[in-house]
Amino acid sequence: MGGTKVSAHELVDVVNEQDQVIDTVERQKMRKCHLPHRASYIAVTDRSGRFLIEIRTLNKDYAPGLFDACVGGVMQHAEVPKEAAKREMLEEIGINAEKNNTEFYELGSFRINYQSGSGFLFAYLFLAKSDAITVRQKDEVSGIMLLSENELRSLYPSCTYDSVLAFDEIIKRAKKRNLLCF
């Protein structure tokens with residue numbers, strides 16, 4: 001909780017088409033050169049079926065001010081996907097996946113091509129069910145809302161491109177495994 005502000009000098013692994021690490025660079029270089037990397041995406045839902053959506057702060061290095069359909073972010077150098085997702089949940093919304101009566105599910109990964117067509121990333125997908133009280137990280141999250149799936153989908157034009165693709169894939173995989181029974 002309270003987390004640290006994202007550093008432009010944070011190290012990020014660059015990956016190839018097979019999701020194998022081929023280099024490690026500073027986050028600012030990854031962003032500037034649109035280098036392929038890994039990121040975690042967590043669809044967070046309460047037990048009544050409302051999904052948490054974040055409003056990004058205006059100082060974010062990617063998509064400032066837009067909505068995020070998922071909690072998550074760029075994985076740091078050598079970070080294990082599940083641990084990255086848990087770190088992001090704790091940093092951004094103050095929910096400890098190991099506590100708070102939280103159910104946490106891994107749903108695999110898939111490739112997201114950048115909207116600009118100039119690169120890609122590997123998205124590691126998770127679903128978290130929790131009725132815990134959230135505490136937003138003020139450096140990254142300016143607000144939080146709980147919305148039904150349909151309400152969230154109505155905001156897609158104002159959401160980050162990658163979070164929409166990740167959310168849709170998480171929902172598809174979670175429904176296939178009967179994890180979303182409200």
Can you name the residues that form a salt bridge (charged side-chain N to carboxylate O under 4.0 Å, His left out) with [X], not counting sequence neighbours?
| X | answer |
| --- | --- |
| Lys29 | none |
| Glu103 | Arg47 |
| Arg31 | Asp61 |

Requested in this report: Tell me, please, which residues at least two apart from Phe67 pass ring-ring contact (aromatic ring centres under 6.0 Å, His included).
Outcome: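 Not a single residue meets the ring-ring contact (aromatic ring centres under 6.0 Å, His included) criterion with Phe67.
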Query raised in the report: Who are the ring-ring contact (aromatic ring centres under 6.0 Å, His included) partners of Phe167, not counting sequence neighbours?
Result: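 With neighbours one apart ignored, the set is Phe51.
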side-chain hydrogen bond (donor to acceptor under 3.5 Å, both in side chains) partners of [X], counting only residues at least two apart:
| X | value |
| --- | --- |
| Asp19 | Arg38, Tyr124 |
| Glu26 | His9, Gln28 |
| His77 | Asp13, Thr24 |
| Asn150 | none |

Query raised in the report: Atom CZ of Arg56 and atom SG of Cys159: how far apart are they, to the nearest 0.5 Å?
Result: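 Reported to 0.5 Å precision, the distance equals 10.5 Å.
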Requested in this report: Report the distance from atom NZ of Lys172 to atom CG of Leu107, rounding to the nearest 0.5 Å.
Outcome: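 Here the interatomic distance stands at 11.5 Å.
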Query raised in the report: Which residues, ordered by chain and number, are linked to Leu11 in its hydrophobic cluster, where ILVMFWY side chains connect at heavy-atom gaps below 4.5 Å, directly or through other members?
Result: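 ILVMFWY cluster around Leu11 holds nothing else.
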**Report entry** Shared hydrophobic cluster, Leu66 / Tyr161 (ILVMFWY, side-chain heavy atoms < 4.5 Å)
**Finding:** no
Requested in this report: Group every Ile, Leu, Val, Met, Phe, Trp and Tyr by side-chain heavy-atom contacts under 4.5 Å, then state whether Val74 and Phe110 land in the same group.
Outcome: no
Query - Residue pairs, two or more places apart or on separate chains, that pass salt bridge (Lys or Arg N to Asp or Glu O under 4.0 Å) and touch residues 111-124 - result: Glu17-Arg111
Query raised in the report: Can you list every pair that meets ring-ring contact (aromatic ring centres under 6.0 Å, His included) and has a residue in residues 84-109, with sequence neighbours left out?
Result: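 Of all non-adjacent pairs touching residues 84-109, those that pass ring-ring contact (aromatic ring centres under 6.0 Å, His included) are Phe104-Phe126.
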